[in-house]
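The figures that follow rest on heavy atoms only: side chains count, while hydrogens, waters and symmetry mates do not.
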Amino acid sequence: MSSTGLNITAAQGAGAEPSKNSSSPDEDTKQQVVESADDLQLESIGYKPVLHRTYGLIENFSTTFAALYFVGGVRVTFSTGIAAGGNLAYWTSYIITCVFSFVTAAVIAEICSALPAAGSIYLWAAEAGGPKYGRLLGFVVAWWSTTAWTTFCASNTQAAVNYMLSEITVFNLDFPTDTSSVKFRAVQWICTEVFLALAILVNFLPPRLFRYVFYLSSSFVLLDFLLNIIWLPIGTANTWGFRTANEAFMTTYNGTGAPAGWNWCLSYLATAGILIGFDASGHVAEETKNASINAAKGIFWSTVVSGIGGFITIILFLFCAPDADTLFSFGSPQPFVPLYAVVLGQGGHVFMNVVCVIALWFNTAIAIVAASRLIFAVARDGVLPYSSWVSKVSPEGQPRNAVLVIWGVSALVTCTILPSGVAFTSLISAAGVPSAAAYGLICFGRFFLTPKSFPTPKWSLGKLSRPFQFVSIFWNGWVVAVLFSPYEFPVTGTTLNYAPIIMAGVTIFALLSWWFTPEDAWLSKKHIGHFLQPDTSEGEEITGISNDVAAREQK
């Protein structure tokens with residue numbers, strides 16, 4: 001990996017005398033040097049360090065690992081994947097998704113290494129666009145990402161509630177389970193609001209305690225995975241038995257009503273959504289030690305681990321789940337709840353369902369972390385109403401007011417459950433589109449607009465950087481096209497996918513805010529140009545920062 005970023009080694013040599021018994025500085029001195037370098041890098045971007053810098057590689061990795069929650073992602077999208085092309089389309093499309101998602105994650109991780117700050121994704125877009133187009137790209141991606149993460153907090157909470165309410169079907173309770181019922185939607189809404197409030201309250205824990213939320217969240221993801229790969233096959237063998245290799249891998253199905261070719265393509269509706277959201281680690285970069293390395297590693301490796309884990313989970317489910325007609329006949333908000341009931345028995349499935357609900361709730365708590373840091377960053381730049389209040393941090397260095405904003409907006413989004421199940425579904429369908437569009441736009445900017453002026457990061461792809469950027473543009477364009485497609489054919493008012501309409505509305509707001517916001521108020525050309533240094537000046541900037549670190553150490 002090339003490293004033309006902050007010269008930590010030089011800083012250590014200039015700022016600390018090695019002890020007579022050791023050839024390197026003690027751990028405390030090393031830590032001080034790293035923290036000084038992190039703060040100086042942030043200051044070089046134009047921001048004062050105000051957030052706590054408590055987290056390390058494990059916590060940063062856990063942010064994306066928990067946000068992706070690959071087991072839950074596969075479960076939520078499994079029926080969609082089977083309906084669109086069947087088993088054969090699902091697992092082959094997922095392999096393709098993994099390859100190109102890893103490539104995109106590598107590009108985003110490299111950019112994060114050069115620009116590790118809260119609210120990273122819109123800053124990455126602004127710098128990728130350069131002085132000429134950066135401000136426009138920054139506004140657009142800021143609106144897209146805020147929409148994505150806010151709606152994700154709401155939809156993910158509802159997903160946890162659906163697991164719980166699916167027990168109505170299993171225990172044959174006299175209560176409707178169809179989203180067309182106002183009674184069901186009312187209960188669904190109340191439970192969603194309660195779960196959301198609890199996830200918000202956890203985010204008020206001080207950093208030294210909240211780090212355990214990262215650990216617990218990742219632990220529940222692993223527990224869910226292990227229970228499935230160990231317990232589910234045993235239960236399957238004792239009940240309806242495994243499907244044959246031909247049935248598991250080669251079966252096709254058309255449950256969407258789309259033409260055969262497009263029906264197959266719609267399998268990407270399921271597979272692409274599993275690995276969207278890996279920018280979460282970038283949003284907590286400003287709270288991560290040695291961020292230019294650890295945040296980049298967190299983005300890339302959490303995506304790779306989640307992708308591999310997701311593939312194992314898909315193969316497991318293909319062998320253990322019944323045929324498509326049986327799966328769709330369960331008539332439950334979450335088909336895997338009655339599936340677990342049949343395979344594991346009443347007691348076993350309740351335990352499994354509790355694990356699913358808790359894991360999804362932790363998933364929501366982590367999503368709120370990423371979303372609140374994004375809101376904090378936008379407010380810090382002064383373009384939100386009451387920005388000074390929203391960007392205010394607590395004595396522990398946490399953006400708690402931004403967390404409250406996320407709570408308010410997400411709570412309002414969940415209210416759309418009440419009038420119509422279609423309205424809420426349309427909103428959550430737009431959660432994945434803006435993120436994929438943002439990844440593609442950032443890669444477009446890096447490839448065409450700032451191919452040479454972007455500083456080489458510590459975590460660098462080297463010669464692979466340009467090819468990966470080019471590939472990522474087309475991959476994310478394809479993902480957006482699929483996510484814009486209707487899910488069922490023929491298209492009616494109840495089956496229309498409103499994601500393109502919502503995305504168009506958000507983009508219009510972004511363009512209006514870009515047009516009417518004064519340039520000196522947010523993302524000015526001068527600010528963007530300050531970060532984008534020509535190759536010949538990088539060395540001078542690096543040396544200056546290194547000397548500043550050394551000077552601090554001598555003091």
Side-chain angles (χ1 to χ4, degrees), residues 69 71-80 82-83 154-199 220 223-224 227-228 231-232 234-236 238-240 255 317 320-364 410-411 413-425 427-428 487-488 494-495:
Y69 183 24
V71 186
V74 172
R75 261 195 306 258
V76 169
T77 61
F78 188 79
S79 57
T80 302
I82 296 302
S155 64
N156 200 61
T157 310
Q158 191 224 33
V161 170
N162 282 347
Y163 276 92
M164 183 175 66
L165 295 182
S166 294
E167 297 291 3
I168 297 172
T169 303
V170 174
F171 287 98
N172 294 316
L173 300 180
D174 185 18
F175 196 84
T177 58
D178 193 336
T179 55
S180 62
S181 169
V182 176
K183 289 177 62 177
F184 175 78
R185 293 203 306 271
V187 173
Q188 189 182 43
W189 171 72
I190 292 170
C191 295
T192 300
E193 294 287 11
V194 171
F195 274 45
L196 178 63
L198 293 174
F220 268 93
L223 175 62
D224 192 359
L227 286 175
N228 275 281
W231 200 2
L232 185 60
I234 296 174
T236 301
N238 293 330
T239 51
W240 52 47
F317 288 168
C320 295
D323 62 86
D325 292 329
T326 303
L327 181 68
F328 297 141
S329 70
F330 286 144
S332 172
Q334 173 45 254
F336 268 84
V337 175
L339 184 154
Y340 285 140
V342 173
V343 173
L344 305 178
Q346 292 286 41
H349 105 272
V350 169
F351 178 79
M352 179 69 83
N353 205 20
V354 169
V355 171
C356 295
V357 171
I358 293 176
L360 275 169
W361 179 80
F362 273 119
N363 185 230
T364 302
S410 297
V413 170
T414 60
C415 288
T416 59
I417 295 173
L418 291 172
S420 168
V422 175
F424 184 75
T425 303
L427 282 173
I428 63 176
Y487 302 164
E488 298 178 24
T494 57
T495 61

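With sequence neighbours left out, S410 forms a side chain to side chain donor-acceptor pair (under 3.5 Å) with no residue at all. For N228, the side chain to side chain donor-acceptor pair (under 3.5 Å) test picks out D224, Y340, with sequence neighbours left out. Partners of F78 under the ring-ring contact (aromatic ring centres under 6.0 Å, His included) rule, at least two apart in sequence or in another chain, are Y90, F317, F336. Under the side-chain contact (heavy atoms from CB on, under 4.5 Å) criterion, D325 pairs with Y253, D323, sequence neighbours left out. Residues passing the side-chain contact (heavy atoms from CB on, under 4.5 Å) test with P322, sequence neighbours excluded: W240, T326, L327, F330, L339.
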Just do the side-chain hydrogen bond (donor to acceptor under 3.5 Å, both in side chains) check on E193 and T414 with the steps written out, would you? CA-CA 7 Å; E193 294 287 11; T414 60; 2.6 Å; yes
**Prompt:** side-chain contact (heavy atoms from CB on, under 4.5 Å) between V337 and T169: does it pass, once the steps are laid out?
**Reply:** CA-CA 9 Å; V337 175; T169 303; over 6 Å; no
Could you check V76 against Q334 for side-chain contact (heavy atoms from CB on, under 4.5 Å), going step by step and ending with a plain yes or no? CA-CA 7 Å; V76 169; Q334 173 45 254; 4.3 Å; yes
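The heavy-atom pair separating F175 from I168 by the smallest distance is O-CG2, 3.4 Å. Closest non-hydrogen pair, A154 versus T192, comes out as O-CG2, 4.2 Å. The two residues T236 and C320 come nearest to each other via the heavy atoms OG1-CB, 3.3 Å.
Contact check for S79 versus F328: side-chain heavy atoms found under the 4.5 Å cut-off.
Separation of atoms CD1 (I417) and CZ (F184) is listed at 9.0 Å; rounding is to 0.5 Å. Expressed to the nearest 0.5 Å, how far CD1 of I82 lies from OG1 of T77 amounts to 9.5 Å. One distance of note links OG1 of T157 with CD of Q188; it measures 11.5 Å at 0.5 Å rounding. The line from CG of N156 to OG1 of T364 is 4.0 Å long, rounded to the nearest 0.5 Å.
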Could you list the donor-acceptor pairs under 3.5 angstrom formed by side chains in residues 341-362, with sequence neighbours left out?
{"unit_1": "H349", "atom_1": "ND1", "unit_2": "Q346", "atom_2": "O", "d": "2.8"}
{"unit_1": "H349", "atom_1": "NE2", "unit_2": "E167", "atom_2": "OE1", "d": "2.6"}
{"unit_1": "H349", "atom_1": "NE2", "unit_2": "E167", "atom_2": "OE2", "d": "3.1"}
{"unit_1": "N353", "atom_1": "ND2", "unit_2": "Y163", "atom_2": "O", "d": "2.9"}
{"unit_1": "N353", "atom_1": "ND2", "unit_2": "E167", "atom_2": "OE2", "d": "2.8"}
{"unit_1": "W361", "atom_1": "NE1", "unit_2": "F195", "atom_2": "O", "d": "3.2"}

